Amino acid sequence: MPELPEVQTIVTDLKKVLPGLKIRDIWTDFAKMIKQPKSFSAFKKQLAGRKILDVKRKGKNILINLSDNKTLLIHQKMTGHMLYGKFRETRNKKQKWVAAPGPLRDDPQNRFLHLVISLSNGKQLALSDVRKFAKVLICETNKLAELKDVKNIGPDPLEKSFTFKKFREILSGKKGGVKDVLMKQEIISGIGNIYSNEILWDAGVYPFRQTNKLTQAELKKIYQAIKKVLKLGVKLRGDSVVDYRDPFGRKGGYQNFHKAYQREGEKCPKGDKGTIKRIKKGGRSTFFCSVHQKLI
DNA sequence: TGCAGTGTTGCTTC
DNA sequence: CGAAGCAACACTGC
């Protein structure tokens, strides 16, 4: 689910409320999501009593920086989302935690709580995740750079240092379709299926075009589209076409601005008489305009 | 009712 | 080695 704009929205929001709070208690009903340390009791021990210092993003990972050289890393994968608010424990076997009245309680998307971190202000930071693909781990902060999840991740496309020159460099000699390459986190971080479709629609490039055959003009257009599309995504606080919610349970707005994603059969919004086509490959869909993104 | 489809990643297979 | 398929899981909608 969450790609760069969604994770950025979450991190920006959490950064406003979490720093300064202490972790009091941790609950889970799905210890399998905890990758490090191996046991839930060790995980709990490493978190309890620590103070939250900062919240950051690395690609699609959320990094919660804690006192005593600890960092909590969360990757939400497909359907995970981080929620912040007032929750209480119940005796209901199906719904073990319930939020105070409001969007966190009323929206069904926010009810699949599998990790709940109780904080010193009486509120909770919770991970809701229907499909249970999300993962969390604890790492020593000063060893974060050596962690695979951090080390093997390409440059961030919204950083100032992500110049056209750099973009050209990281793509040079890369094989495979350009859409697949844009989604490879070790090459460039933060782009997933929704935004890659939207970026290539905007750039006017056929998604399966071989990366090493792209012209300078096409590279430039893709580069500009990456910045444009992701910035708009951040501005609109993410894309809730399916189940994304911000930490307060609210939807983002980008789903109202899709040009290609999930618009199969519709006329291309460019007004070029094209139709949005869909091609399924490797279990996921690619959407593009049959006219202005034609195969060159 | 049953099955295709869903934002991710990483392992297996060819 | 690279590309493709599929598994992890649960739910929705046709």
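Note that the structure is predicted; figures quoted are calculated from it, not measured.
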Participant: Should A:Lys51 and A:Asp68 count as an ion pair when the cut-off is N to O under 4.0 Å?
Facilitator: no
Participant: DNA chain B: stems of at least 3 consecutive Watson-Crick or G-U pairs, cut-off 3.5 Å?
Facilitator: B:2-6 with C:10-14, B:8-14 with C:2-8
Participant: Relative to the 5' end of DNA chain C, which residue comes earlier, A:Gly176 or A:Val130, by the nucleotide with the nearest heavy atom?
Facilitator: A:Gly176
Participant: Round to the nearest Å and state the distance from A:Asp239 atom CG to B:dT6 atom C1'.
Facilitator: 13 Å
Participant: Whole angstrom is fine here: how far is it from CD in A:Gln76 over to C1' in C:dA10?
Facilitator: 17 Å
Participant: Using atom CD of A:Glu6 as one end and atom P of B:dT8 as the other, report the distance to the nearest whole Å.
Facilitator: 9 Å
Participant: Roughly, in whole Å, what's the span from CD in A:Gln109 to P in C:dC11?
Facilitator: 11 Å
Participant: Assuming nearest nucleotide by heavy-atom distance, tell me which of A:Lys184 and A:Gly283 is located more 5' along DNA chain C.
Facilitator: A:Lys184
Participant: With the side chain of A:Phe112 defined as its heavy atoms from C-beta on, choose the nearest nucleotide among C:dA3, C:dC9, C:dC11.
Facilitator: C:dC11
Participant: OP1 or OP2 of B:dG10 less than 4.0 angstrom from a side-chain nitrogen or oxygen of A:Lys77, does that happen here?
Facilitator: no
Participant: When you check the side-chain N and O atoms of A:Thr275 and A:Ser290, is any donor under 3.5 Å from an acceptor?
Facilitator: no
Participant: Could you give the distance separating C:dC9 and B:dT1 at their P atoms, to the nearest angstrom?
Facilitator: 25 Å
Participant: Tell me: CG of A:Asp180 to C1' of C:dA4, nearest whole Å?
Facilitator: 10 Å
Participant: Between A:Lys60 and B:dT9, does any side-chain N or O lie under 4.0 Å from OP1 or OP2?
Facilitator: yes
Participant: Have a look at A:Phe87 and tell me which of A:Leu125, A:Asn110, A:Leu113 forms a side-chain contact (heavy atoms from CB on, under 4.5 Å) with it.
Facilitator: A:Leu113
Participant: OP1, OP2 of B:dT8 versus side-chain N and O of A:His75: anything below 4.0 Å?
Facilitator: no
Participant: Are A:Arg278 and B:dT6 close enough that a side-chain N or O sits under 4.0 Å from OP1 or OP2?
Facilitator: yes
Participant: For the base of B:dT8, is there a side-chain donor-acceptor partner from A:Arg284 under 3.5 Å away?
Facilitator: no
Participant: Among C:dA8, C:dA3, B:dG10, which nucleotide has an atom closest to any side-chain atom of A:Lys175?
Facilitator: C:dA3
Participant: If I pick the P atom on B:dT9 and the same atom on C:dC11, what distance separates them, to the nearest angstrom?
Facilitator: 23 Å
Participant: Side chains of A:Lys179 and A:Asn193 only: does a donor on one sit below 3.5 Å from an acceptor on the other?
Facilitator: yes
Participant: Under 3.5 Å, side chain of A:His114 to main-chain N/O of A:Asp129, donor-acceptor pair present?
Facilitator: yes
Participant: When you compare C:dG5 with B:dA4, how far apart are their P atoms, in angstrom units rounded to a whole number?
Facilitator: 16 Å
Participant: Between A:Thr79 and C:dC11, does any side-chain N or O lie under 4.0 Å from OP1 or OP2?
Facilitator: no
Participant: Pick the closest DNA chain B nucleotide for A:Asp149 and for A:Lys280 by heavy atoms, then say which residue is nearer the 5' end.
Facilitator: A:Lys280
Participant: Kindly indicate whether the side chain of A:Val17, heavy atoms from C-beta on, has any atom under 4.5 Å from the side chain of A:Asn121.
Facilitator: no
Participant: Rounding to an integer number of Å, can you tell me how far A:Ile187 CD1 sits from B:dT9 C1'?
Facilitator: 15 Å
Participant: Given atom CE of A:Met78 and atom C1' of C:dA10, what is their separation to the nearest angstrom?
Facilitator: 11 Å
Participant: What nucleotide, of B:dT6, B:dT8, C:dC11, holds the atom closest to the side chain of A:Asn193?
Facilitator: B:dT8
Participant: Contact class for A:Gln262 (heavy atom, under 4.0 Å): base, sugar-phosphate, or nothing?
Facilitator: sugar-phosphate
Participant: Using a strict 4.0 Å threshold on nitrogen-to-oxygen distance, state whether A:Lys277 and A:Glu264 make a salt bridge.
Facilitator: no
Participant: Using a cut-off of 4.0 Å on non-hydrogen atoms, how would the nucleic acid contact of A:Phe30 be classed: base, sugar-phosphate, or nothing?
Facilitator: nothing
Participant: Backbone N or O of A:Pro37 within a donor-acceptor pair of the A:Gln46 side chain at under 3.5 Å?
Facilitator: no
Participant: Has the side chain of A:Gln185 got a donor or acceptor atom that lies under 3.5 Å from a matching backbone atom of A:Met183?
Facilitator: yes
Participant: Rounded to whole Å, please give me the gap between CG in A:Asp107 and C1' in C:dC11.
Facilitator: 14 Å
